[in-house]
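Below: the structure, in structure tokens.
The figures that follow rest on heavy atoms only: side chains count, while hydrogens, waters and symmetry mates do not.
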Amino acid sequence: MQFTVTTKVSDEERDALFAGLRGYNLQFLDPGRMGQSGIFSRRDNGEITGGLMASRKGLWFCIDYLWVTEDCRGQGLASQLIARAEAEAVRHGCRYAQVDTFSFQALPFYTGRGYTLKMTLEDFPEEGMQRHYLTKSLECP
């Protein structure tokens, strides 16, 4: 057995690792309930002003990235992106949503949209910072 250590993972190495992991996981998971979602806002010229990318994992909708340009912040664009993404998640059979955010990002934004803080990692990614994990039920009460 030979081991290598690298600080630059190649596409081939990444693909091999993910293929093996997916192959194992698919013994237990329905691939039809997995997938990606992307919702983007654009100016008339096509320039992206904001977007949300997420992964569907069974009953869970996992928000991976949410971003809005500086000049569009404070206008409700991020809230619209979240609302559209959650509606898409429900359409695909998701019952719950999950997101994580750093202390210097958007914790109040997510809690203001019904997300509940479940866990905080202290000193992540740097000393004095935190990474917060939140969830939300997408089912109607």
Please list all pairs passing the ring-ring contact (aromatic ring centres under 6.0 Å, His included) test where one or both residues lie in residues 10-52, with sequence neighbours left out.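 Every ring-ring contact (aromatic ring centres under 6.0 Å, His included) pair that includes a residue of residues 10-52, provided the two are not neighbours, is Tyr24-Phe28.
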Tell me which pairs pass ring-ring contact (aromatic ring centres under 6.0 Å, His included) where either residue lies in residues 73-103, with sequence neighbours left out.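 As it turns out, the ring-ring contact (aromatic ring centres under 6.0 Å, His included) pairs with a partner in residues 73-103, which skip direct neighbours, are Trp60-Tyr96, Phe102-Phe104.
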If you compare all heavy atoms of [X] against all heavy atoms of [Y], which two are closest, and at what distance to 0.1 Å?
X      : Y      : value
Lys136 : Gly114 : CG-O, 3.7 Å
Thr120 : Glu122 : CG2-OE2, 3.7 Å
Ala54  : Phe61  : CB-CZ, 3.3 Å
Ile63  : Ile82  : CD1-CD1, 3.8 Å

If you measure only the distance, is there a donor-acceptor pair under 3.5 Å linking the side chains of Thr49 and Ser41?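 Yes, a side-chain donor-acceptor pair sits under 3.5 Å.
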Side-chain heavy atoms nearer than 4.5 Å, only ILVMFWY residues, links allowed to pass through others: does that put [X] and [Y] together?
X      : Y     : value
Phe109 : Leu81 : yes
Trp67  : Leu52 : no
Tyr115 : Leu77 : yes

In plain terms, say whether Glu86 and Arg113 are close enough for a salt bridge, that is, a side-chain N and a carboxylate O under 4.0 Å apart.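 Result for this pair is no, no salt bridge flagged.
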[X] (side chain) donor-acceptor with [Y] (main chain) under 3.5 angstrom:
X      : Y      : value
Asp64  : Ser55  : yes
Asp100 : His132 : no
Glu126 : Phe124 : no
Arg73  : Val68  : yes
Arg42  : Glu47  : no

Measuring from [X]:[atom1] to [Y]:[atom2], what's the distance to the nearest 0.5 Å?
X      : Y      : atom1 : atom2 : value
Ser103 : Met129 : OG    : CE    : 6.5 Å
Glu139 : Cys94  : CD    : SG    : 11.0 Å
Leu107 : Gln105 : CG    : CD    : 10.5 Å
Ile39  : Glu88  : CD1   : CD    : 6.0 Å
Ile48  : Arg43  : CD1   : CZ    : 11.5 Å

Using a cut-off of 6.0 Å, state whether more than 12 heavy atoms not belonging to Gln2 lie near its atom CD.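 No, the 6.0 Å shell around CD holds no more than 12 heavy atoms from other groups.
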Asn45 atom CG, over 12 foreign heavy atoms within 6.0 Å: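 It does: Asn45 CG has more than 12 such atoms within range.
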For a 4.5 angstrom cut-off between non-hydrogen side-chain atoms, does [X] reach [Y]?
X      : Y      : value
Arg33  : Leu59  : yes
Leu121 : Tyr133 : yes
Thr101 : Leu66  : no

Sequence neighbours excluded, which residues qualify as salt bridge (Lys or Arg N to Asp or Glu O under 4.0 Å) partners of Asp11?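 Salt bridge (Lys or Arg N to Asp or Glu O under 4.0 Å) list for Asp11, sorted by chain: Arg14.
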